[in-house]
Amino acid sequence: MATDDRRAEISAVADEEPRFDLQKYLKQSGSTRPETFDWSDPGPRLDDEALFCLGYMMDVEVHTIIYLRELLSTTVIEDPSITAFLSCWNYEEFLHGEVLKKFLSTQGIQVNDARFTALRRVPAADRFVQVGARLLSRMTRHFPAVHMTWGALNELVAVHSYRALAERAQHPLLTTILTRIVKDERRHFSFYFNQARARLRPRAAQRLTVAIIKAFWTPVGQPIHGEPATRRLEDYLYADPEEGRRRREEIDATISRLPGFGWFDMARKY
């Protein structure tokens with residue numbers, strides 16, 4: 001019966017929301033491949049804090065393969081539109097990591113693959129959370145609402161973070177790269193947000209998602225690098241307190257448009 005209920009909800013969402021057009025998405029993908037950029041003039045050397053931020057962001061992009069692996073072990077794999085999107089999403093996130101790695105090399109920073117291997121070693125505490133997510137996804141048909149809301153929030157934070165870095169660094173080549181990455185991230189956000197909006201209509205989905213977001217969500221990259229590194233990133237990106245406040249308020253205002261999330265203020269709290 002639970003499986004039938006999940007399939008019924010998947011069908012209802014598909015009827016109410018535009019279907020994910022895989023072929024259209026594939027045609028739009030790939031603009032951030034390293035070979036699409038002109039590397040002949042790498043531009044000036046960035047300061048150490050900007051380079052730290054780029055390394056942090058690169059690690060987050062590369063780490064999405066682990067996130068994808070865990071998601072596909074849950075019931076979200078039953079939804080064809082979500083699995084098609086996740087395939088494209090992971091491809092673009094991989095390209096983002098590659099192009100940031102290439103840019104860092106023009107700044108004299110060579111990234112060894114051992115760095116990524118270390119990132120992919122999952123701590124025991126995270127394994128516990130992953131097992132919990134798998135079990136939860138089989139206990140309630142509303143688990144995809146949690147995933148879509150979480151994804152929308154993370155992609156929105158990424159959009160603002162990349163924009164803030166481009167504005168702070170004022171580096172010609174990096175601005176070109178980040179502008180293209182932001183375009184991809186906005187498409188990702190749009191998919192997650194529209195899916196979340198549809199899946200959060202039931203009150204039970206709202207209660208479940210709100211409880212999990214309040215209990216477990218942290219800024220993008222913090223589970224990988226820890227809170228001190230995340231604070232360091234934010235201190236650089238939002239050195240102007242007023243600008244940081246404005247961006248956080250924009251994130252909160254956008255997420256608060258989701259059903260059941262009128263209370264949302266977690267970006268400002270962080």
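For clarity, every value in this text was computed on a predicted model and none was experimentally measured.
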Backbone N/O of [Y] and side chain of [X]: donor-acceptor pair under 3.5 Å:
X	Y	value
S190	R186	no
T230	G226	yes
H142	A145	no
R168	L237	no
D47	A50	yes
T36	S31	yes

Can you tell me which residue among Y192, W89, W150 is in a side-chain hydrogen bond (donor to acceptor under 3.5 Å, both in side chains) with E155?
W89
What I want to find out is whether [X] reaches [Y] closely enough, with some N-O distance under 4.0 Å, to be called a salt bridge.
X	Y	value
R248	D252	no
R232	E49	yes
R246	E243	yes

Salt bridge (Lys or Arg N to Asp or Glu O under 4.0 Å) between R231 and E227, worked out:
CA-CA 6 Å; R231 296 294 184 189; E227 184 172 353; 3.1 Å; yes
Apply salt bridge (Lys or Arg N to Asp or Glu O under 4.0 Å) to the pair K102 and E98, showing each step before the final yes or no.
CA-CA 6 Å; K102 172 71 173 177; E98 287 294 293; over 6 Å; no
With sequence neighbours left out, write down each residue that passes side-chain contact (heavy atoms from CB on, under 4.5 Å) with K183, or none if nothing qualifies.
R187
To the nearest 0.5 Å, what is the distance between CD (E250) and NE2 (H160)?
5.0 Å
How long is the straight-line distance from CZ of R163 back to OG1 of T175, given to the nearest 0.5 Å?
13.0 Å
Between Y238 and R247, is there a cation-pi geometry (under 6.0 Å to ring centre, at most 45° from the normal)?
no
May I ask you to check if R257 and F264 form a cation-pi contact, with NZ or CZ under 6.0 angstrom from the six-membered ring centre and within 45° of the axis?
no
Counting only heavy atoms not in F94 (residues, nucleotides, ligands), do more than 12 fall under 6.0 Å from its CZ?
no
Going by heavy atoms in the side chains, are I109 and L54 under 4.5 Å from each other?
no
